[in-house]
Structures are given as structure tokens and as C-alpha cells.
Amino acid sequence: MTAFAALRHHWSRHGTLIAGAIVAVVIVLAFATGRLEARKWEPFLLPSTWRFLGEGLLVTLTVAAAALILSLTFGLLLGIARSQLRGPLGWIVSAAIELARATPILAILLIVLIVLLRTGLTQNAVIAGIVGLSIYNSAVIAEIVRAGIDSLPRGEVEAARSLGLSYPQTMRAVVLPQALARMTPALVSQLITLIKDTSLLFIITAPELLSFGRSFYNFYGNLLETYIVIGIIFFAINYPLSRFSRRLETQRPSDERLRIVGEEERAT
Amino acid sequence: MGLFGGLDANSQLFIQGYFTTITLTVAALGSALVIGTVAASARVWGGPVVQSFVRGYVEFFRNTPLLVQLLFYAVLLAPANLNITRDPMVAAIIGLSIYTGAYVTEVVRSGIISVDPRQIEAARSLGLSQLEALRFVVLPQAIRTVIPPLGNLSIALVKNTAIAGGIAATDLLKVAGIIESRTGGDFTPYIAILVAYWTLTLPLAWAVSRLERRLAFAR
Amino acid sequence: MGFRALLAFPAPMNQDARTDIGSAGVSRPDTAVRPMIEARGVDKRFGSFQALRRVSLEVGRGEVVVVIGPSGSGKSTLLRCVNRLETADSGEIVVDGRKLSDPRLDVNELRREIGVVFQSFNLFPHMTVLQNLMLAPMRVRKLDRAAAEARARKLLDKVGIPEKSDARPTQLSGGQQQRVAIARALCMEPKIMLFDEPTSALDPEMIKEVLDVMMALAHDGMTMMVVSHEMGFAREVADRVVFMDQGEIVEVGTPAEFFQDPEQERTKRFLNTILRH
């Protein structure tokens, strides 16, 4: 883009400076707050630390996996229902999905916890967390599934039906395989969001990675360092996933609408 | 406030929480737009160093939980460290801005690169300057592609403000908890805040889907 | 259809056609004054690819020069160097007395004197036809709205689509879009018009309407540099034809010399391939 040579020139001259300045500020901050003291980082060299944090990470990953399986199952069913059902029932499904998507996930988690406590079903915050995460993510995945199904040309369904395939056969053999392929990038992005959202279990007092981190920094008195390390752990899990999702997207340019759905949910 | 009968004694707190949520959203959205636009133009037109710096920013902040980021800023700004402020609102706005800014960067970047570079050539060939080409030709076209995803990001931002309660900002969700404990387990505040969130997110979602449909036809 | 026919049957009639139309047009201003465009020893490389090799060419005031050559021969690059969409690595280009290598040169000021028509039209899709035409006169020439609109309507008239003023570019056919693009460039009242394969993206039935506009422009005495494969147009309108290959100017001549009796082997071969179908 030669036409923007000057802008490019501008950025290459000042941009490096700005980037350098930000890095410098971070380093100065680190010194000013005594962040570089070895004492604060040394605990992270101990194997026991990693065994301890690993336990928290295991809970986090278990929660994410359980919520993923539940959300995929219900999301798929709800998504098909939303795209196929007409009349009041379809309307109710749509409304439920829209309302859940319009609600902060933390609010869902808190409400689920309270409801479970009040009804005496369980005291276990981890279960409340899995249920809450699943409710929200089922709604999001339902929307991804619906967009995936609706993005297929009508002609394909009609062709399959006129070949004599029954409705369920058409769904299973023609619609879903293609729709699933199209929505994989959005689903992987949603998995990233789900993994990030497991950290909210900290607020409803479930013992996940962040809660283990708290016990850890309460002992060593290195809050900021612990937050940084936990952030890096999440990054180490999510970054490969986001690379993977982007590769899928470029390999198979997904439908515009699917990309937009993914975009929104990635930010939550 | 007749609708929220049980809340009358606490309605002031409730309204305060509602405005806290709106303030967080508006403030963070404004600065995220600035951060995102600058970072995106650096990502598109910057040199290799600047480009990888922005890429690093986008990737790191999008792939790390918002709650961890917010906790980090809250502790960083607190008296024990930088001693700047104990106000959770400041940390929340900083955290939400930087986090959302990373998403805005990607959206704006895709908006910029969606404009055919030959459009810029055509504008420059007519004698328009760099900035005029940007202002009259690139931006009006980029905005069309960028508005719906930015709308979606605003919805996500409204929802994300709820996490600010985790660092003791008294947003809507936090308020519900406070009122609940005051009233000894009354569940109505939770219903009320759900409705309150919906008054923000649902109209936005409706507007976005309308816009998307309109822009899809315009193309 | 006429141009397609000319394309298929080269020699005999072209001399007549040329004098025929040429006599109706204006006489070319003399070339004793400084040429409008002077390129001297221009080099341009993109990475390891040498797009232009020591290219020298003059285009006189009011002259129409058609540049032909295989793809990748550097003809478009040469054209783009003239209004500094590309910058020459070495050598010098002087346009209307302005040295393009001069660091004090105001590129925007240079470009407002040079109209460019692109292969892909490049109309602004978010504006109506009229807005497309009025943007630069208002922003660059600082014309008021009424004057800009009057000029725009006059030019739409001239290119034959006054009724499309409020249409969006996407609602127009390719030929109409390209005529709007020509009108848009003319709105700046340029001294030079550059055409970069203006008909290559068009369906055959639309080529003539665009060439007709270009021909009329040539007869009005506009200085034109045209990269094109429309041999009929070259024959009828060009004062000189330039053949480029591998970044070099291989041969320059009047259409008569050029098409009937090319000197260079490479030119012959190229003309054979392009005229055969």
C-alpha cells in the first residue's frame, strides 16, 4: 500500500518509540514496586508450588471439560430446536437463548449457586459453577449452531428430502456435518472464553486455580507475581487454541454471520 | 419503582448500581475505542517491531481471564504498591479498557484491511491528501464493516462490568448481593438486576441484528 | 463492434480511419515547447524483480501515447510512476516542468493535474455517482457545492449518463462505472489523463462505450497516456505506440509504422500473438 507510505513511515518512526516507552514504563513500575525482588519470584521455582497450583489447574480444567460437554450437548439440541421449531415452542426456546446470552455470566453463576443452596440440592460450589457455565454456554453454542444450520443453502435440504431421506436422516447426513465444519472455529473460540470464565468460580468460592493462587500468595505475600503467573498459565492454554481457531478460519472461510457470533462471544 | 416492590428501601442503592454499570461501560468503551483504533493502525501500518508488539498485546489480553487482569490492576494501584488509589472504579475502568481494547484492535484492523487499497490509490490520484483519503474514503467504508462487531463488543462489555464487583466496585451485581444480605435472603434483587441488565443488553442486541441485516442488503 | 473488427483484421483500412477521424479533431500543439511528460533512464525494482529498466519516453502536449506489452512488462508501473503512485528508484521523470524526484514537490498538487482511470474503476462505493465526482473538486480545488455539482453534471452529460447521477456505483454496469470514473478524473480539470487498462475488466459489449469517451477526449486535445490492448483504439487515436517488454521500451512508432512494419523481432512476435485470435 504505497499510498499510505507516509502513515507507515510515521508509525515506523514513532511506533517503535511508543512500544519502547510502554515497555520502559512496565520495567520502571516493576522496579518502583519492588517486583523484581528475587524473594517474590523464588517460590515459583519450587516443585511443590507447581504441584499445588497444578491441583487448582486440574479443577479448572475439569470444570471447563464438564461444562464443555454439557454445553455442547444442550447447545446442539437447543440450536437445532431454534432453527427448526416454529410456533410458541420455538418462540420460547429463542427467548430463553436470547435472555441467557444477554445476561452477565457471573450473575448466572451467583443465581445458580443461591438457588442450589436454597433448594438444598447441593452445597458444592464447583457443581454450581459447572451448571452456571453450562447454562450460559449452551445458549451461546445454540446460537452458533443455529447460524451454522441457517447458513446452509435451502436447496441442499430440499435436494436431500426429494431423494427420499427422512427429516432426521437429512439432518444427520447432510445438514449437521456441514454445519459443524463451518462452526468449528467459533466453537473453539467459545472454548477459550469458557476456560477464561472458569476463573469466575473464584467469586462463588469454588476452589479453582485462582483460589489456589490466593492460598499461595497469602502464604508468600506475592499477590502481583501470583496473578501474573496465573495469567501466563491461562495464556499458555488459550493461545494455542486461538491459533488453532484462526487456522481453521483461514482454511475454511466461515460464513460471515458465524464469524460475527464468534466475535461477540470471544469478548465475554 | 413499583415494579420492584420489595426493593423500595434499597432502590437508591439499586439505581446507584445501575449507573455504576453504565459508567463503567461508557468509560471503558470510550477508551477501548481509542486504544483499539491506535493499536489497529499501528498493527496495519507499523514496522515489524510495532506490529509484533501490538500482536502480543492483543493475544495476551484476549487469552487471559478478565478477572485475573482486574485483580492485578486493583492490587497494583493499591497503597501497598503504587499507592495511586484504592478506588476499585479506577482499576475496573483501566482493566475493562485494556481488555476490551484488545478486541477492538482486531475489529478495527479487519475493518481497515477490508477496504480495498485501490480505493486509497484512487483517492490519492484525485489529489486528496493522506488524511483526506483516510477521512473521506477509508473510514466511511471501514465503519460499515466495524459497527456491528463493535456493537457486539459493547454488549459483551456491559456483561463484563459485572466482574468489576469481584474487585469491590459496587456495580449492579454487587448491589444485588448487598441488598440480598440486608433483606435476609430476599431473592427479588437478583430478578431486578437481571431485568436491569436486559434493559441494556437486549436493545443493543436488537440494534446490532437490525444493522447487520441492513448492511447485508446494502452490500 | 468496430474495435473488435479492427482487432481481427489489421492492416488496410487503418490509415483511412485515422485521417478520417483525425481531421475532425484538433491539430496537435507543436512539440517545440517542453513535453508534458519526460521520463529519462527510469529504473524501478520490486524486491528482486526489475519492473522498469532505463526507460526513457516523452509525451508531448496534446499527444496520445498508447503503451502495449505483455503482462509484467512494466507498462502499468511506468504509468504509476508518472503520478508517483510508485516512486522511480533512479532516473528522472518530469511532468509539466516538475521533477518528481524533487523532495519539495507537493505530490497532492502534482496529482490534481493528472487524472487516472484504473482497470478496476475504483469508484467509492459508499457515495453516489454525483458525490464521487464532487469529492475532489470540493476538497482539493475548494469549489463550492453548486460549482462542483454543475461541473459534475456537465461531465456526466459528456460521458453520456446524466440520468445516473444519484445511483450508487454498484447499481451501474461496468461500462457505466468506467465512464463515471473518467468523469470523476475529468472533474479536476487535469492536464494529463492516464489510463491503466481501462477496458480490461469490461464485458466486450461495454468496451466501445468507454473507448468512445476516450476518443472524444483525445480529439479535444487532452494529453493521454493509455495502457491498453485495444489495438483498434491504438490505431485510430494514438499519435505514437510504445511497445514494452521485460521492463524495457522495445519500440516506439506511429501506429502506421508500428502495426504495418515493426522493426523489432519481439514486437512482431507480440503483435502476432495478440492479433491472431
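Quick caveat, the model's predicted, so the values are computed rather than measured. So that the names make sense, note that chain A is the first sequence line, chain B the second, and so on, each numbered from 1.
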* Validation row: B:Leu126, C:Arg184 side chains within 4.5 angstrom (heavy atoms) -> yes
* Structure fact -> Here the pair of heavy atoms bringing B:Gln119 nearest to C:Pro125 is OE1-CD, 3.5 Å
* May I ask you to name which of B:Ala122, B:Pro140, B:Ser125 has the most heavy-atom pairs under 4.5 Å with chain C? => B:Ser125
* Option passing side-chain contact (heavy atoms from CB on, under 4.5 Å) with B:Phe136 (candidates C:His126, C:Met138, C:Arg139) -> C:Arg139
* Is it the case that more than 12 heavy atoms not belonging to C:Phe46 sit under 6.0 Å from its CZ atom? -> yes
* Asked: Tell me, do C:Val140 and B:Leu128 make a side-chain contact under 4.5 Å, heavy atoms counted?
  -> yes
* Structure fact -> Those residues at least two apart in sequence (or on a different chain) that pass ring-ring contact (aromatic ring centres under 6.0 Å, His included) with C:Phe121 are none
* Structure fact -> side chain to side chain donor-acceptor pair (under 3.5 Å) filter on C:Thr87, not counting sequence neighbours, yields none
* To do: Could you grab the distance from atom CZ of B:Arg124 to atom CG of C:Leu85, nearest 0.5 Å is fine?
  => 8.5 Å
* To do: Go through the steps for B:Arg118 and C:Phe118 under the test side chain to side chain contact (heavy atoms under 4.5 Å, CB included), then give the verdict.
  => CA-CA 9 Å; B:Arg118 290 177 297 191; C:Phe118 301 91; over 6 Å; no
* Just wondering, more than 12 heavy atoms not from C:Arg98 lying within 6.0 Å of its CZ? -> yes
* Structure fact -> Okay, C:Leu110 and chain B: the region with an atom under 4.5 Å from a heavy atom over there is neither
* Quick one: ring-ring contact (aromatic ring centres under 6.0 Å, His included) partners of B:Phe61, sequence neighbours excluded? -> B:Tyr57
* Structure fact -> Here the gap from B:Glu132 atom CD to C:Asn108 atom CG, rounded to the nearest 0.5 Å, amounts to 7.0 Å
* Asked: Using a heavy-atom distance cut-off of less than 4.5 Å, which residues of residues 185-199 of chain C contact chain B?
  -> C:Ala185, C:Met188
